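One structure below.
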Amino acid sequence: IAVAYTMAVTHPRAGNIGGGGFMMIYHKQSNQFYAVDFREKAPQQAYKDMFLDSEGNVDNQKARFSIYSAGVPGTVAGLESIYNTFGSLPRQRLFQDAIAYAKNGFLIDQDQHKVLEDKKELLRKDKQFRKLFYKKSNNDIIPRKKVVQKNLAKTLTVIQSSGVDGFYKGKVADQFVDFFQQENGLITHQDLTNYQPVWRTPIYGTYKGYDIISMPPPSSGGIALVQLLNILEQKKIDQLKHNSTDYIQSVVEAMKFVYADRAKYLGDQDVVDVPVAKLTDKTYAAEIANKISTQNIIDVSTINPELLDTSESLETTHFSIIDSEGNMVSCTYTLNFAFGNGMIAGKTGVILNNEMDDFVAKPGSPNGFGLLGNEKNEIAANKRMLSSMTPTLVMKNGQPVLITGSPGGSTIITSVAQVLLNVLAFDMRIGQASSAARFHHQWYPDVITIEEQHDGNIVEELKERGYNVKHKSLGITQSIEIDSGNLYGKSDPRNLSSSTKAY
Ligand code: GLY
């Protein structure tokens, strides 16, 4: 919780109190797993066609970079609920670093400087972003070296002393709602006071004797991860050479089915039916596995590979923790794109998310990650938008094996899956497993996104087999492997290089 509050200050493009996320928890003493959902919700006044223009087309600007793109934030409610259940640090200590960095400033590193440069045209439009994160230089503005967020420090101080009510009620809530009124936005006091995090039953799966514990809807992450691993277990993927052309083809074909099912079946399970048992069932996976072969490519047809070509920086962040008692946390939280919708909510100093774009604005129109969906994930009042975040725990015979998760939008699921495959099927240590080259396919658009560090001939061979292929860095996993009482931590080496590519 202290890490999450601190990253809301020092990693402001994704760490947040104005967004939402998910935390998987293993509580050692009770030997229980918990999946805490603090995903944003659509405001009460949101409605299905709110992002369509007069001709019925999706207005992406409105869906991604307007006051309407912000969902009701869930992070503070989630963190405070977890603190009230399991917290042990005194509140003064819990907020000490976050408040100090907000009040006294934190230093912008090379990676943050690059993202601030990339996002300059958007962020300069917001008076507060311009003032806090940039300074004048000749006729232009450049990122500051040190960022001080005094309003955010005040907001965190109120949360420190008043807990969840410090954000959703009282002065901070007044300031927050004032901003929405001033901008003609939809979020009201009632939206804030009604927000509740949900403690959900995790998604449980198995792969080669390992127990996989991950996030249920409104994230697609857990279901998609377990479905993919089930198919690949059937295909005996571990008998193929890791990252060979046959291996990539087999995994890619499985990914297509998983993302097609994501689009067809998944949404907020509090509002729509989600066939969790079917999608995570090994027999269903066997049916899919039987359709997959290295002899043919399943045609997803009529798909425009260019749709995933976005220059936007798509951000989220993850942390994995195990403490001295053996309790574990895997937490992914986000503002959606880097710096969310590019607005700071008035005097609160809180950066707003643009998570409403994770809904399906119109069937057939992809969101910012190129993802499709149907009415299961259409916009409705108080509904949670579908996510791909995949905070995950792995156990074997009741003992912890792995904690992992990643940012990366739609590529989170496949990045996490490949870390798991590398450790569980190919016996890599987490360092090698995290560094190994990755690939991704999400059914639509029909393209394999592949990292440049794959062996020389792979791309040519995949093209010869008939695939569209493009290069991009995939995921930034943050993992801990636990083996015979030893802990091996790995922060993805893509951390700097990938974010300098603004992804
Ligand atoms: N905003 C990205 C996700 O939740 O999947």
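Because the structure is a prediction, the values reported are computed rather than measured. Counting convention: from 1, in listed order, for ligands and their atoms alike.
- The part of Arg39 lying near ligand 1 is the side chain, judged by heavy-atom distances below 4.0 Å.
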Apply salt bridge (Lys or Arg N to Asp or Glu O under 4.0 Å) to the pair Glu117 and Lys114, showing each step before the final yes or no. CA-CA 5 Å; Glu117 276 291 351; Lys114 176 72 171 68; over 6 Å; no
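- No side-chain donor from either of Lys490 and Ser435 sits under 3.5 Å from a side-chain acceptor of the other.
- In terms of protein heavy-atom proximity, atom 4 (O) of ligand 1 is closest to Ser387 OG, 2.7 Å.
- The protein atom (non-hydrogen) at minimum distance from atom 2 (C) of ligand 1 is Asp358 OD2, 3.1 Å.
- Checked by atom type, the side-chain pair Ser220/Arg262 shows a donor-acceptor distance below 3.5 Å.
- Of all the heavy atoms in Thr348 and Val172, the pair that sits closest is CG2-O, 3.5 Å.
- When non-hydrogen atoms are compared, ligand 1 lies under 4.0 Å from the side chain of Glu355 (C-beta onward) but not from its backbone.
- Between Lys362 and Asp53, none of the side-chain N atoms (NZ, or NE/NH1/NH2) sits under 4.0 Å from a carboxylate O, so this pair counts as no salt bridge.
- With hydrogens left out, the protein atom closest to atom 5 (O) of ligand 1 is Ser388 N, 2.7 Å, a heavy atom.
- Here's the thing with Thr334: none of its N/O atoms is less than 3.5 angstrom from an N/O atom of ligand 1.
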